[in-house]
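The next block holds one structure in the form of structure tokens; read it before the comments.
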Amino acid sequence: SLWSPRAKFNQHPRNTVRWKPRPGLSMFNRTGFYRPKVGATKMKWQFSVPYVREVDSLYHYPAVSQVSGKTIDWYADEPQDGYEAVHIYGENTLELKGMPLGKTPEYVQERLRRFFGKFGPVQHCRCEPHPLDPYQCEGTAYVTFRDKAAAMKALRAPLKFPASLHDKVISMRHLDSDKTNDPMYLEKAKFWDRQLISLARQLHVQLLSNEEYRGVGKAFSLVDRGLWEHEMVELPRPDFADPHCAEAMALQSPWGR
């Protein structure tokens with residue numbers, strides 16, 4: 001009933017949700033604590049005013065964290081420096097970002113222990129579970145070594161998961177020294193390998209297409225003459241006196257650009 005004692009005298013602070021002044025003299029519009037409707041949930045929470053950044057205020061700078069990329073609540077949040085994991089896992093800890101989904105944290109932790117165990121003794125290996133699905137990895141992991149030398153050696157090693165784990169390339173950061181690895185190392189290595197193979201093919205074609213080079217070779221000081229970093233033009237086919245000789249038949253592979 002609307003006139004029950006519980007609905008009529010529900011003004012104790014522990015039964016309130018927020019302070020909401022209302023003008024008027026009637027029982028339901030008087031100024032005071034907000035009274036929930038009859039039949040509403042009894043779960044209470046502390047109401048907080050949403051943070052609004054003041055314009056041109058030195059007390060609210062910067063607006064976005066340079067560590068996490070999230071908006072800073074200067075009223076309620078505690079200051080964070082991005083090194084909270086050092087106090088939890090230790091100084092010789094690597095922070096791994098970009099961990100694959102679809103596997104349990106225990107499975108990923110075992111894979112990480114097998115990989116980093118060859119660099120030194122691993123004390124702790126923690127893979128953060130997803131807040132909405134504890135059976136999947138959230139994307140962040142921490143690996144703690146016994147000494148700093150092993151941690152720095154592991155930091156220089158590129159870590160790339162296989163196709164079964166979505167070909168993930170992991171970004172690593174040493175929490176104590178803030179040193180990071182180069183997650184693009186593998187792609188850069190593939191690029192320079194292709195460049196080296198391209199230059200070797202062009203030099204091979206030059207040596208076969210020139211009679212003088214075919215006999216005595218090409219001077220070392222002139223090796224770079226006529227070579228391109230990218231094969232942007234059609235390579236000339238070498239001329240042989242006998243087009244059906246063994247060398248000519250061995251060069252029947254397609255010519256790249």
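All residue numbers refer to positions in the sequence shown, counting from 1.
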About how many Å separate CD1 of Ile88 and CZ of Arg126, when rounded to the nearest 0.5 Å?
10.0 Å
Shared ILVMFWY cluster between Val108 and Phe145, side chains joined below 4.5 angstrom?
yes
When hydrophobic residues are tied together by side-chain contacts of less than 4.5 Å, even through go-betweens, does Tyr107 share a cluster with Ile170?
yes
When hydrophobic residues are tied together by side-chain contacts of less than 4.5 Å, even through go-betweens, does Leu155 share a cluster with Phe115?
yes
Counting only heavy atoms not in Lys179, do more than 12 sit closer than 6.0 Å to its NZ atom?
no
Say whether, by atom type as modelled, one donor and one acceptor occur between the side chain of Gln136 and the main chain of Gly102 under 3.5 angstrom.
yes
Should we say atom CZ of Arg146 is surrounded by more than 12 heavy atoms from elsewhere, each under 6.0 Å from it?
no
Using modelled atom types and a 3.5 Å cut-off, is there a donor and acceptor pairing between side-chain atoms of Ser198 and backbone atoms of Arg194?
no
Do Ser177 and Met152 have side-chain heavy atoms sitting under 4.5 Å apart?
yes
With heavy-atom distances below 4.5 Å as the criterion, would you say the side chains of Met172 and Lys97 are in contact?
no
Quick one: does any side-chain atom of His166 pair with a main-chain N or O of Lys168 as donor and acceptor, under 3.5 Å?
no
At what distance, to the nearest 0.5 angstrom, does CD of Glu110 lie from SG of Cys125?
8.5 Å
Roughly how far apart are Leu203 CG and Arg225 CZ, rounded to 0.5 Å?
14.0 Å
If every non-hydrogen atom of Tyr142 is compared with every non-hydrogen atom of Glu95, which pair is closest and at what distance?
OH-OE2, 3.4 Å
Rounded to the nearest 0.5 Å, what's the gap from CD on Gln123 to OG1 on Thr93? Could you check?
8.5 Å
Indicate the atoms forming the closest heavy-atom contact of Asn210 with Glu212, along with that distance.
OD1-N, 2.9 Å
Give a yes or no on whether Glu138 atom CD has more than 12 heavy-atom contacts from other residues, nucleotides or ligands under 6.0 Å away.
yes
Within the structure provided, determine whether Asn181 and Arg156 are in side-chain contact (heavy-atom separation under 4.5 Å).
no
Please report the C-alpha distance between Lys103 and Tyr135 in whole Å, then the side-chain angles of each, then the deciding distance to 0.1 Å, and finally whether the side chain to side chain contact (heavy atoms under 4.5 Å, CB included) criterion is met.
CA-CA 7 Å; Lys103 297 293 183 180; Tyr135 294 97; over 6 Å; no
Answer yes or no: is there a side-chain heavy-atom contact under 4.5 Å between Leu227 and Gln206?
yes
Return the CD to CD distance between Glu106 and Gln109, rounded to the nearest 0.5 Å.
6.0 Å
Rounded to the nearest 0.5 Å, the NZ atom of Lys148 sits from the NZ atom of Lys153 at a distance of 15.0 Å
Are any of the side-chain heavy atoms of Val122 and Val143 separated by less than 4.5 Å?
yes
Side-chain heavy atoms of Leu96 within contact of Leu112, under 4.5 Å:
yes
Over 12 foreign heavy atoms within 6.0 Å of NZ, Lys218
yes
Residue pair Pro100 / Cys137: nearest heavy atoms and the distance that separates them:
O-CB, 3.6 Å
Could you tell me whether Lys188 sits above the aromatic face of Tyr185, with NZ or CZ closer than 6.0 angstrom to the six-membered ring centre and within 45 degrees of the axis?
no
Any Arg111 side-chain heavy atom under 4.5 Å of Leu165 side chain:
yes
For the residue pair Thr144 and Tyr89, what are the closest heavy atoms and their distance?
CG2-O, 3.3 Å
So, for Pro105 and Cys127, which heavy atoms are closest and what is the spacing to 0.1 Å?
CB-O, 3.7 Å
Angle between ring planes, Phe119 versus Phe116, binned at 30° and 60°: parallel, tilted or perpendicular?
tilted
Does the side chain of Arg173 reach to within under 4.5 Å of the side chain of Leu94, using non-hydrogen atoms?
no
